[in-house]
Number of protein chains: 2
Amino acid sequence: MATGRTHRPATRSRGIPEATVARLPLYLRALTALSERSVPTVSSEELAAAAGVNSAKLRKDFSYLGSYGTRGVGYDVEYLVYQISRELGLTQDWPVVIVGIGNLGAALAGYGGFASRGFRVAALIDADPAMTGKPVAGIPVQHSDDLEKIINEDGVSIGVIATPAGVAQQVCDRLVAAGVTSILNFAPTVLSVPDGVDVRKVDLSIELQILAFHEQRKAGEEAGAESGPDSGTDTGAPAAPPAARTAGGSRKGPDGDVPAVMPA
Amino acid sequence: MATGRTHRPATRSRGIPEATVARLPLYLRALTALSERSVPTVSSEELAAAAGVNSAKLRKDFSYLGSYGTRGVGYDVEYLVYQISRELGLTQDWPVVIVGIGNLGAALAGYGGFASRGFRVAALIDADPAMTGKPVAGIPVQHSDDLEKIINEDGVSIGVIATPAGVAQQVCDRLVAAGVTSILNFAPTVLSVPDGVDVRKVDLSIELQILAFHEQRKAGEEAGAESGPDSGTDTGAPAAPPAARTAGGSRKGPDGDVPAVMPA
DNA sequence: CCATCTTTGTGCACGCGTTCACAAAGACAT
DNA sequence: ATGTCTTTGTGAACGCGTGCACAAAGATGG
């Protein structure tokens, strides 16, 4: 009853795999750094190292965009910056509204990463009348009553939700009704949206929990001993995982490439 | 030359797939909500809806933890909350340090989601002497000179980096040297860490860029016709991907389950 | 005790993403 | 021009994750 948006097709947008799209910003950042250092060209191997990915993956990613490299030489940094920027839609201006100007919302408003790359904070919106008019990061907060008006006037299509979980869905509904079709959600809730609206979710608590899982496992393994702490019915707290530490070094990074931040 | 940590094995921690681990916090949140409403049992279908996932996927996820359900009835909410909490290592206390108390760091310090679920902000650390001693979210900021001491004394194994990108790697190195084995990185940089250390990355800018990509695609499709702002030489804009169908509602959400927040 | 009904747990198939490995392409030197 | 050397672009194989569909399990009612 909640989501209504159960299985998803993992659509491949215009032939570019989602996994690739998610990495393009990473490449772009690395390329921008090279550009600032006036590096003219870069090989897939170098760029891959800078972006923290496998070079074959990088080449395949770029192959979805076209053949922008020169065999025997590498990629032209400036050209690639332009192509990726264009592909990501960063050559145009994206007005963004941030709803919920609490600690997090205020931090986001002042976050440099937003302002860079074509994103412009068009408005800060909060439901608290006491906040209205107060400047945050140089932008005056507006009251949520005007949400629809603001979105329409500025042609905003991307909204950031930084409200408490309780009102997130409701804010989301209003944003969507007003015309927003992409939402970045910081509230710890599953948002339900109609088809055609993108939602990406960032949940700090979830990230920590995932780290805790691996951390616990590391501690447990190191404590060595026999099997799993659990397996039994209860076992209560697996007992103090001895103050881990000591990089044994051999641990094979319990990573993997999993979300935690994902659509819907 | 940066990472030094190229290909990764996508380790399957103790038999539990990473993808599943990443969803456990999601289930836990939904279950906690049910628990607060004193709901005794829940079916996979209901819980899946609340968590925004497919019910078959949820059942398979739980099957990795063991057989905690009762056929014909469903899952016992309280029991499941306990099992998942234990599996994630949330039954113990995790002291966390936050390094870099700027806008974002301060917001994180005050973020409720941290304090909940077993995570305790053990210390706030900043390199600015002017910040030292100043209380943020009720916790006095300490100078980064004492970083190692703080980590050792409190047995901190999880660190949060909220510094500018320029010093992130350096802070990371110190954290790792001091014994931290899990890092949540908010700085827009690829961190290089030794094996055995987990890094999860949250990049707000990347999330927005991914949204922009889909947003552009939606706009392009709608505008149908020409498109290609440039196209120029090569493939250029493969010109109107046949103006897909309109918003006939049939738009199949350009989602997919991709990171943007991921290890390393 | 048996029948029926609900819901779990999972075998299986499919598709996406990753990685390897190599041929094609071009730069560069001779 | 021709040969060599570097690096791209990609075909193919593999593995993980997802979702279907169903048999097994147990609750419930007669």
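Quick note on labels: first sequence line is chain A, next is B, and so on, each numbered from 1.
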field: Residue-phosphate contact under 4.0 Å: B/Ser44 side-chain N/O, C/dT8 OP1/OP2
entry: yes
- prompt: Are the side chains of B/Ile16 and B/Glu87 in touch, meaning some heavy atoms are under 4.5 Å apart?
  reply: yes
Sequence-distant partners of B/Glu46, salt bridge (Lys or Arg N to Asp or Glu O under 4.0 Å), two or more places apart: none
query: To the nearest Å, how far apart are A/Asp61 CG and C/dT19 C1'?
result: 12 Å
Test side-chain hydrogen bond (donor to acceptor under 3.5 Å, both in side chains) applied to B/Ser85 - qualifying residues, sequence neighbours left out: none
task: Look at the side chain of B/Ala56 and decide which nucleotide, out of C/dA21, C/dG9, D/dC20, has an atom nearest to it.
output: D/dC20
query: Taking only side-chain nitrogens and oxygens of B/Arg59, does any of them come within less than 4.0 Å of OP1 or OP2 of D/dA21?
result: no
query: Residues in side-chain hydrogen bond (donor to acceptor under 3.5 Å, both in side chains) with B/Ser205, at least two apart?
result: B/Gln209
message: Angle between the two end axes of the helix from C/dC1-D/dG30 to C/dT30-D/dA1, five base pairs per end, rounded to 10 degrees?
response: 10°
- line: Residue set satisfying side-chain contact (heavy atoms from CB on, under 4.5 Å) with A/Thr181, at least two apart, ordered chain then number -> A/Ser157, B/Glu215, B/Lys218
task: Please list, chain by chain and in numerical order, all residues satisfying side-chain contact (heavy atoms from CB on, under 4.5 Å) with B/Ala165, sequence neighbours excluded.
output: B/Pro188, B/Thr189
task: Do nucleotides 24-30 of chain C as a string where each nucleotide becomes B, S or -: B if the base has a protein heavy atom under 4.0 Å, S if just the sugar-phosphate does, - if no protein is that close.
output: BB-S---
message: Test side-chain hydrogen bond (donor to acceptor under 3.5 Å, both in side chains) on A/Ser35 and A/Glu78; report intermediate values, then the result.
response: CA-CA 7 Å; A/Ser35 172; A/Glu78 294 301 332; 2.6 Å; yes
query: Whole Å only: how far is the CG atom of A/Leu65 from the C1' atom of D/dT8?
result: 14 Å
task: Return the value, rounded to whole Å, for the distance between atom CG of A/Leu47 and atom C1' of D/dT8.
output: 13 Å
query: B/Asn54 side chain: which of D/dC20, D/dG9, D/dG17 is closest?
result: D/dC20
task: Select base, sugar-phosphate, or nothing to describe what A/Tyr75 touches, counting heavy atoms under 4.0 Å on all strands.
output: sugar-phosphate
query: C/dT8 P sits how many Å from B/Leu80 CG, rounded?
result: 11 Å
message: Among residues at least two apart in sequence or on other chains, which ones pass side-chain hydrogen bond (donor to acceptor under 3.5 Å, both in side chains) with A/Asp76?
response: none
message: Using the side-chain heavy atoms of B/Glu18, tell me which of these nucleotides is nearest: C/dG17, D/dG17, D/dT8.
response: D/dG17
message: Between P on D/dG11 and OH on A/Tyr64, what's the gap in Å once rounded to a whole number?
response: 10 Å
- prompt: Can a donor-acceptor pair be found between the side chains of B/Thr91 and B/Arg86 at a distance below 3.5 Å?
  reply: no
- line: Residue set satisfying side-chain hydrogen bond (donor to acceptor under 3.5 Å, both in side chains) with A/Thr32, at least two apart, ordered chain then number -> A/Arg117
message: Whole angstroms only, please: what is the CD-P distance between A/Glu46 and D/dT6?
response: 14 Å
field: Side chain A/Lys60 and base C/dT18 donor-acceptor under 3.5 Å
entry: no
query: What is the distance, rounded to the nearest whole Å, between atom NZ of B/Lys57 and atom P of C/dT10?
result: 18 Å
field: Euclidean distance, atom OH of residue A/Tyr68 to atom P of D/dT10 [Å, nearest integer]
entry: 12 Å
